[in-house]
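Structure first, then comments.
Bear in mind the structure is a predicted one, so any value in this text is a computation, not a measurement.
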Amino acid sequence: MRLTRRTALGLGTTTATTALLGTVTARAQAAPSAPAPTPSPAASTDDGPSDAPPTTRAEAHHVIAYRYAWETHRAGGVWSSVVSMADADGRFADVVADDADRVVEAYSVNKIAVAVAVLDKVDRGLLRLDQRVDVTADIVIQDTDGIFGLDGAYPSSVTLGHAMAALLTVSDNTAVRLCGLVCPARELNDILRAKGFTHTQVVPVTNPNRFFLGTTTPRETTTLLHRLAAGELLTESSTRYLLNALRSLTSFTDGIRLRLTSPERLRVATKAGWFNDGRNEAGLIFTPEGAPVLSYALFASGPFTGDAATNNADFGATHPALRARAGLGRTLMDATIHNGTTTAHPHRAKYSPRNGN
């Protein structure tokens with residue numbers, strides 16, 4: 001019998017499928033150490049369980065929990081995650097809580113936290129987005145990520161706003177150093193701690209203006225995203241600036257947003273991070289009206305399914321963890337259809353393509 005969403009939810013006639021959902025739901029929500037099921041080829045497609053979008057919010061919760069367990073089991077690796085969904089009143093509740101308080105290497109996901117700290121200084125009048133920062137040859141990282149390493153002409157200067165946009169969209173690592181020029185590591189950590197983020201911290205080095213991107217927990221990243229969308233961390237203008245950058249079509253598309261249309265991608269504010277065997281992504285999904293309706297904080301490290309050496313060198317959509325996130329992303333977007341949160345919200349993006357001129 002082919003395993004579908006409805007039979008897995010106990011709406012079919014096979015008890016085995018209901019038991020299977022119980023196993024994966026327990027793993028995703030309460031017992032991350034419990035063994036995950038091994039779906040049989042006859043029970044699912046290569047892309048995981050497939051069916052129409054859920055018809056109720058309760059059903060959506062079950063579908064998300066099932067998909068998370070299925071995809072992470074297939075990908076392998078060690079996962080620490082939170083997926084939360086808002087009710088009709090905008091209150092978030094966990095759908096998946098898998099080792100949610102584990103301190104993990106954040107990698108570039110912490111660029112959201114870096115941006116929050118810099119924009120906090122903007123809100124207090126200590127910095128301006130239109131002030132200029134110097135881009136010197138010694139500050140440029142030649143790692144093939146981002147755009148500053150492609151300029152080919154130094155010294156130059158850009159506005160702080162330009163550096164922040166590069167930080168949040170193409171995840172430029174030179175932009176991290178440019179942010180460090182105006183918000184040194186220790187000050188950055190102090191700002192985050194004052195906002196309640198004790199695990200979401202960068203790692204200072206000898207040069208006070210440089211740092212490694214540090215750590216977080218899935219729970220703290222989730223809290224940061226919720227408070228950001230609620231306008232509790234920054235002013236309205238800074239909040240809009242940050243979320244618009246993360247929702248841009250220029251931002252990361254190889255994970256949660258891979259299987260989404262352009263209008264759907266504009267509803268997802270996302271930031272990915274990777275290094276060595278780590279593959280992370282965190283973000284928010286908004287309703288078409290612009291209200292935050294779902295959040296995810298997904299942190300994974302190897303060994304993943306397949307050849308470790310190949311996986312460690314693969315940072316694209318073909319990596320097992322990113323394939324898992326792409327499958328989950330389609331499910332998360334479909335699950336928001338019946339959420340019922342329709343209140344208009346200021347963080348709404350539209351795409352208007354141009355053909356030059």
Side-chain angles (χ1 to χ4, degrees), residues 53-54 56-57 59-61 63-64 67-68 81-96 109 111-113 115-116 119 164-165 168-169 171 218 221-272 280-298 325-353:
T56 67
R57 188 181 297 110
E59 193 176 347
H61 284 208
V63 171
I64 291 170
R67 188 75 188 221
Y68 172 83
S81 308
V82 176
V83 178
S84 299
M85 195 168 184
D87 61 20
D89 296 322
R91 293 186 296 261
F92 280 90
D94 290 352
V95 179
V96 171
V109 169
K111 288 174 182 174
I112 302 176
V116 166
L119 289 169
M164 292 274 286
L168 294 168
T169 56
S171 201
T221 293
T222 297
T223 301
L224 186 150
L225 292 169
H226 291 175
R227 292 181 60 195
L228 177 65
E232 297 174 3
L233 297 181
L234 300 168
T235 63
E236 182 177 333
S237 60
S238 289
T239 300
R240 184 183 299 111
Y241 173 88
L242 200 163
L243 291 176
N244 281 348
L246 294 177
R247 293 175 67 166
S248 164
L249 293 184
T250 310
S251 293
F252 188 76
T253 57
D254 276 355
I256 291 293
R257 302 206 298 177
L258 183 65
R259 299 182 186 176
L260 306 185
T261 66
S262 294
E264 288 173 334
R265 288 180 176 183
L266 285 170
R267 291 171 50 194
V268 182
T270 200
K271 186 73 197 72
N280 308 328
E281 190 172 359
L284 291 159
I285 298 179
F286 295 81
T287 65
E289 295 75 26
V293 68
L294 192 145
S295 67
Y296 54 89
L298 309 167
R325 296 194 329 242
L328 181 62
R330 181 69 262 169
T331 297
L332 296 182
M333 179 58 68
D334 290 343
T336 67
I337 293 173
H338 297 283
N339 181 267
T341 303
T342 57
T343 304
H345 200 274
H347 313 307
R348 185 177 182 181
K350 293 182 180 180
Y351 178 51
S352 302

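In the model, K111 has a side-chain atom that pairs as donor or acceptor with a side-chain atom of S171 under 3.5 Å. Side-chain polar atoms of S81 and Y68 form a donor-acceptor pair below 3.5 angstrom. At a cut-off of 3.5 Å, with distance as the only test, no side-chain donor of R265 or T270 sits close to an acceptor on the other residue.
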For L284 and L243, run side-chain contact (heavy atoms from CB on, under 4.5 Å): C-alpha distance rounded to whole Å, both residues' side-chain angles, the deciding distance at 0.1 Å, then the answer.
CA-CA 9 Å; L284 291 159; L243 291 176; 4.2 Å; yes
Please assess S251 against R257 for the test side-chain contact (heavy atoms from CB on, under 4.5 Å), listing each intermediate value before the final yes or no.
CA-CA 10 Å; S251 293; R257 302 206 298 177; 3.5 Å; yes
Test side-chain contact (heavy atoms from CB on, under 4.5 Å) applied to D334 and V63, step by step
CA-CA 10 Å; D334 290 343; V63 171; over 6 Å; no
Salt bridge (charged side-chain N to carboxylate O under 4.0 Å, His left out), that's the test. Do R267 and E289 meet it? Break it down for me.
CA-CA 9 Å; R267 291 171 50 194; E289 295 75 26; over 6 Å; no
Evaluate the side-chain contact (heavy atoms from CB on, under 4.5 Å) criterion for residues Y296 and V82: first the C-alpha distance (whole Å), next the side-chain angles of each, then the deciding distance (0.1 Å), finally the verdict.
CA-CA 6 Å; Y296 54 89; V82 176; over 6 Å; no
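The two residues H226 and S295 have their closest heavy-atom pair at NE2-OG, 2.8 Å. The shortest non-hydrogen separation linking A282 to A297 is CB-CA, 3.9 Å. Of all the heavy atoms in A60 and M85, the pair that sits closest is CB-CE, 4.2 Å.
With contacts defined as side-chain heavy-atom distances shorter than 4.5 Å, the pair T287/T336 does not qualify. M164 places a side-chain heavy atom less than 4.5 Å from the side chain of L119. At a threshold of 4.5 Å between non-hydrogen side-chain atoms, the residues I112 and L225 count as touching. Counting heavy atoms from C-beta outward, V268 and L260 have side chains that approach closer than 4.5 Å. In this structure, F252 and K271 have side chains that are not in contact, with every pair of non-hydrogen atoms separated by 4.5 Å or more. In this structure, S84 and T222 have side chains that are in contact, with non-hydrogen atoms separated by less than 4.5 Å.
The CG atom of L258 sits 12.5 Å away from the CG atom of L328 when rounded to the nearest 0.5 Å. Residue L234 holds its CG atom at 4.5 Å from OG1 of T239, rounded to the nearest 0.5 Å. We find the CG-OG1 distance between L249 and T169 to be 11.5 Å, quoted to the nearest 0.5 Å. Annotation: the span from L228 atom CG to S238 atom OG amounts to 10.0 Å, rounded to 0.5 Å. Separating the CD1 atom in I256 from the CG atom in L298 is a distance of 5.5 Å, to the nearest 0.5 Å. For the atom pair L233 CG and L242 CG, the distance stands at 9.5 Å (nearest 0.5 Å).
Judged by a 6.0 Å distance limit and a 45° cone about the ring axis, R247 is positioned over the six-membered ring of F286.
Judged purely by atom type and a 3.5 angstrom limit, R330 uses its side chain to pair as donor or acceptor with the backbone of R259. Judged by distance alone, with hydrogens and angles left aside, the side-chain atoms of D89 form no donor-acceptor pair with the main-chain N or O of R91 at under 3.5 Å.
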